[in-house]
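Notes follow the structure.
Counting starts at 1 for both ligands and their atoms, following the listed order. Only this structure's heavy atoms are used, side chains among them; waters, hydrogens and symmetry mates stay out. Residue indices begin at 1 and follow the sequence shown.
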Amino acid sequence: MSTVTPIKNKGFGAAVTDISLRDLDDEDVTTVKAAFLKFGFLVFPEQFLTLEESTAFGELFGEIQFGGRHIANRKPLDDGSFENFEPKDQNMMGILGNQNWHADSTYMPVSAKCGILTAIAIPDEGGQTEFADMRAGYAALDEATKKRIEGLSAYHSTQVSQAFDNGYFPPKDTGTIFHGEAYLRRLVKTHPETGVMNLFIGRHAFGIPGLERHESRELLKSLVEFVTSDPVRVYSHDWQVGDTIIWDNRALLHRARPYDYRQPRVLIGTRIAGDPVTELAYQRTDPEAEAGREAVTKELELLREETAGQGFRWQEKLTY
Ligand SMILES: [Fe+2]
């Protein structure tokens, strides 16, 4: 019989013990699904899931967007050792970018329902994964701010976030995450399963229609800062090898913390697609996609001008 223990001194999150994620009975599944919706994220210590087991656990929650993939600053080899990635490897760029608060796949037509991480190797220090509660963040906003953001939406693009956060401008490549599209999502979201309202923001958001560029940037920044300003709304997970965490991407922000990149940090990631009924912005073939494409093109042009000469800002950290 599994035990669900709320995380101490936080307004969200729980640890689930006396459970084996590779061997769940119906009662466990019911408990885990209910706790997932209530607490927003769940920590399962000592699971040691494989790539396949991580995917199988994810399948309980919906359609797999990607399953059992290494999220790592080193490529794990079959003999248990690790191979360096090339500096500026796209995988490493994603890892570095995601040290900024974000929700997953908001830059895709359908944003993600939830994510699952399992720790395989962890650095001596740093490398935590942190979560922030956008439900409590929204609830704590003053009425004037709630009113101001009520009808607002922002475009989401990881071409923009990678350019803005890292000075990284990969070429447009349809079929990859650098597809040249931006997806418009409301700043305030009603959770499709709980009905609870939350902010829906993060590093991929930009270009709120109807606002000046600097106003949009300041508003989005201030909302993330507000959500993360109260320690009760932020949880930092110090990984132990074997831990598994699942979180609700529709209601929580997350980020990774820096560490010594010469040490391996290897996680298994599985991502579950959102329900298109509630998580679809639009398809790239829809007429409204055109405004998103224009917004990305314009924003990237401006970011290129602003960052001209600065180059790739993580270069030194990646020299190993
Ligand atoms: Fe992420």
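Residues satisfying the side chain to side chain donor-acceptor pair (under 3.5 Å) test with Y235, not counting sequence neighbours, are H237. Partners of S229 by side-chain contact (heavy atoms from CB on, under 4.5 Å), not counting sequence neighbours, listed by chain and number: F226, R233.
The ring-ring contact (aromatic ring centres under 6.0 Å, His included) pairs that include a residue from residues 266-287 are Y183-Y282, where partners are two or more places apart or lie in different chains.
The main-chain N or O of E279 is found under 3.5 Å from a side-chain atom of R185 such that the two form a donor-acceptor pair. Under a 3.5 Å cut-off, the side chain of R255 and the backbone N or O of Q128 do not form any donor-acceptor pair. At distances below 3.5 Å, not a single donor-acceptor pair connects side-chain atoms of S54 with backbone N or O atoms of T50.
Take a cut-off of 2.8 Å around the Fe ion (ligand 1): the protein N, O or S atoms inside it are H102 NE2, D104 OD1, H254 NE2.
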